[in-house]
Amino acid sequence: MALVNENFLKLKAGYLFPEIGRRVKAFVDAEPVKAKSLIRCGIGDVTEPLPDAAREAMKLAVDELGARETFRGYGPEQGYEFLRKAIADNAYAGIEVSADEVFVSDGSKCDTGNILDIFGKGIRVAITDPVYPVYVDTNVMAGNTGEGDESGRFEGLVYLPCTAENNFVPALPEEKVDLIYLCYPNNPTGTVATREELEKWVAYAKENDSIILYDSAYEAYVQGSDVPKSIFEIEGARDCAIEFRSFSKNGGFTGVRCAYIVIPKELTGSTTSGERVSLHGLWARRHATKFNGCSYPVQRGAEALYSVEGKMQVARLVKHYMGNAALLSEACQKLGLSVYGGEHSPYVWVKCPDGVDSWGMFDKMLNEAQVVVTPGAGFGAAGEGYFRISAFNTRENVEVVCERLVSLLG
Ligand SMILES: *Cc1c(COP(=O)(O)O)cnc(C)c1O
């Protein structure tokens, strides 16, 4: 008898995006004419074409593979040196991160889930609420939680509510936790953490011998230099943090697939007997055993995002999406709604009008304005009463969404 991993059975069948898909499909079937003008501002996927610099580099790389002299087979599991060095020199210019602390992969979704392989059973895990659902579900699968309740909360996890009152940066846990997931600029709230706030978290982690898993997928959207883009800008973070980054949201690589993790050499975890073990070493072993490297053309494409043209093209993409975010924020503010995020992030987090809950707002926007948003409650209990509008869209669509918001709520 092949026993199954019963932890999977604790996961709710109605995961957020399938439920959105179900409701959108029901609307399309019921109202085929109205559905023609449907605009999707729900899922966090980019819409604009790939930067030329990346496309050209990938084409050249494909041609290299077409000639015996320049053909390449398996590459290094950790990623080619050319890309790891480009990341260390550019993404971490002025910050202590070396090329051999970078592990290239095919996505941050996989990385943030897979990282649990190197941690032991029975660890205490803290996650923010609302949150990117991957962190929760992978902990459920790994057996780090008990059963889920009606609101989608799992026994055993330490939830850190992020609300307007705490500017969407959680208070430190009152108890000792071993792993802490932080994501800034945040998905879904679009908000950021200041240097002082991150300093508090690093101090907590060092004091409690915990590890911060810092998801910095949206760092390219940070405007100006006051808001940290990396946890490693904070002194002491090398002793207590792992950072996840992706080319999905800056270079539009959601379909191309390339990301990386940074694990400082000095970072350690503990065995039950108290012996310290290098997390870099464990991850190197895990990555080389279960992963055979990200494809060569893709790594060349990612490298090209750091060329002069590549950087300009990424900046143009970010500017486009941030222009959308500004229009969406402004439209919601003019309607008298409380609006958060959108300043250093492509997500605008909006408080529902009085008396309307997250799914109520979702249905209203879908049925009466033909706009798909994401209900805040789908990201966690503390997201109830909010909805997320994604700025990943064409300018034309965003302008129409703003007009429809005004007719719906104005
Ligand atoms: C989009 C996103 C990522 C990137 O995921 P990929 O698998 O690299 O595309 C990571 N974290 C968060 C919170 C995201 O929203």
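For ligands, and for the atoms within them, numbers begin at 1 and follow the listed sequence.
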* Structure fact -> Between Tyr218 and the options Tyr347, Tyr132, Tyr184, the ring-ring contact (aromatic ring centres under 6.0 Å, His included) test singles out Tyr347
* Does Glu174 CD have over 12 foreign heavy atoms under 6.0 Å away? -> no
* Asked: When rounded to the nearest 0.5 angstrom, what is the spacing between CG in Leu172 and CG in Leu160?
  -> 9.0 Å
* Those protein residues which place at least one heavy atom below 4.0 Å from ligand 1 -> Gly107, Ser108, Lys109, Tyr132, Tyr135, Cys183, Asn187, Asp215, Ala217, Tyr218, Ser246, Ser248, Lys249, Arg257
* CD (Glu196) with more than 12 external heavy atoms under 6.0 Å -> yes
* List in chain and number order the residues that pass ring pair (Phe, Tyr, Trp, His ring centres under 6.0 Å) with Phe82, two or more places apart in sequence or in another chain; answer none if no residue qualifies. => Tyr80
* Asked: Yes or no on ring-ring contact (aromatic ring centres under 6.0 Å, His included) for Phe103 and Tyr260, after CA distance, side-chain angles and deciding distance?
  -> CA-CA 5 Å; Phe103 294 84; Tyr260 55 94; over 10 Å; no
